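Counting convention: from 1, in listed order, for ligands and their atoms alike. Computed from a prediction, not measured in an experiment: that's the story for all the values here.
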Amino acid sequence: MNSEDIKQGEASALCRTYARYPLAVSRGEGTRLFTPEGRAYTDLLAGIAVCNLGHSHPELVEVICAQAKKLIHVSNLFYQEEQVSLARRLLGTSHLERVFFCNSGAEANEGAIKLARRYMREGRGEERYEIITLSGSFHGRTLATLTATGQDKIKTGFGPLPEGFITVPFGDLDAMKNAMSDRTAAVLVEMIQGEGGVKPLPDDYARGLAALCAEKGVLLMIDEIQTGVGRTGKFWAYQHLGLTPDIVTVAKGLAGGLPMGAVMCTEEVSKGFPPGSHGTTFGGNALISAVADKVIEIIERDDLCGHAARLGDLLCERLNAMKSRFPEKIAEVRVHGLMVGIELTHPGADVWKALLEKGFILNLTQDTVLRLLPPLVISEEELAAFCLALESILAES
Ligand SMILES: *Cc1c(COP(=O)(O)O)cnc(C)c1O
């Protein structure tokens, strides 16, 4: 099918949930994407922070083929070596001690919410079920996770929503303190709000929040679905501040493009999931686990966290120079490894479109923020080419 056939086919058959970019993609290679007609783009979005090793990484292709020939799926009724190997490697990146594998980010957060509730109820009493989240957050699209999400547009039309969720203003520690009560089970936050426009929690707020949770005996749950797996220059974003959350959720980059999520927790908190309390048919199947295992192996072997940190520093310098040159066009530059937000002073649809026309794929969030989540294997030269393109667009607009 050519691009037009695909667009017309979709219009008559798929649900209309997605506002698509005006682009069909039929092939990927490294940091490049290609349309059916063969036009090449530089991918600065990586399938929304998913394809951290780029597209069709030869070693991932090799594991996918080899594992597919050996075993794809048997269900969680069986022990599987691939899960053990992945669990060890994944837990080795953090202070956490146990992991539950699932299939997506929303499902990881849903699992974390269930885990927190059940753990707190059993240890601390029937009334400890409330989850506190922040305004501007994004935690997923299932009923519980959209209720946890601090953006009203995600919730429109889907009520009645589950009880037991409170949203407090972003960055306001007093508001958080006031919202905590005998009913609070856990706090769920992103270290850097992704869909919210690449907004980091201020350092003193994050440290204060961790201290507050410890003081009140409330679980600290960090949603690392977008920030995890090396994206920000460390394997986990909370590691920049040396925090020790009780529960961490991950998904997007975990299996290099195959759907996978995980809930990681301490030994103590894992008591909230006794046998039979939670489960999934697909979660962590042999194929996906083998791939995720390889993804982490390569990230560690090739020091892609260090690479993301170095390129982030260079990009930060370059973008801030651009901001000085165009102070009336760029409001703020937020760079955390290879999680990058360029906040414009005006709606960014035109700039976004001009970049696409020049062959750069990125994302526009919250109307004014150009968001870059490139594959962690991107080169300095490719980022420099993007900067040149953006500079020329800003100079002309
Ligand atoms: C993408 C995302 C989710 C939801 O993940 P899905 O796999 O789309 O369900 C949750 N939280 C954060 C921070 C995300 O970026």
- Message: Does the Lys NZ or Arg CZ of Arg207 fall within the cation-pi geometry relative to Tyr205 - under 6.0 Å from the ring centre and within 45° of the axis?
- Response: no

- Per-atom contacts, ligand 1 versus Asp223 - under 4.0 Å to a heavy atom: 10 (C), 11 (N), 12 (C), 13 (C)

- Decide whether an N or O pair under 3.5 Å exists between Gly140 and ligand 1. no

- Contact atoms of ligand 1, heavy-atom distance to Asn109 under 4.0 Å: 10 (C), 11 (N)

- Task: Around atom 7 (O) of ligand 1, find the nearest protein heavy atom and jot down its residue, atom name and distance.
- Result: Gly105 N, 2.8 Å

- Query: Mind checking whether Ala106 has an N or O less than 3.5 Å away from an N or O of ligand 1?
  - Reply: yes

- Note on the structure: The answer for which part of Glu190 has a heavy atom under 4.0 Å from ligand 1 is side chain

- Item | Residues Glu122 and Lys271 bridged, charged N to O under 4.0 Å | no

- Query: For Asp43 and His55, does a side-chain donor sit closer than 3.5 Å to a side-chain acceptor?
  - Reply: yes

- What do you reckon, does Gln226 have a nitrogen or oxygen under 3.5 Å from a nitrogen or oxygen of ligand 1? yes

- Min side-chain heavy-atom separation Ile154-His139 under 4.5 Å: no

- Item | Presence of salt bridge, Glu297 and Lys294, under 4.0 angstrom | yes

- Message: For a quick check under 3.5 Å, do Glu110 and Thr142 share a side-chain donor-acceptor pair by atom type?
- Response: yes

- ligand 1 contact on Lys252 by region, counting heavy-atom pairs under 4.0 Å: side chain

- Message: Tell me whether Phe138 has any N or O atom under 3.5 angstrom from an N or O of ligand 1.
- Response: yes

- Classify the side-chain pair Glu268/Tyr119 by whether it contains a donor and acceptor separated by less than 3.5 Å. yes

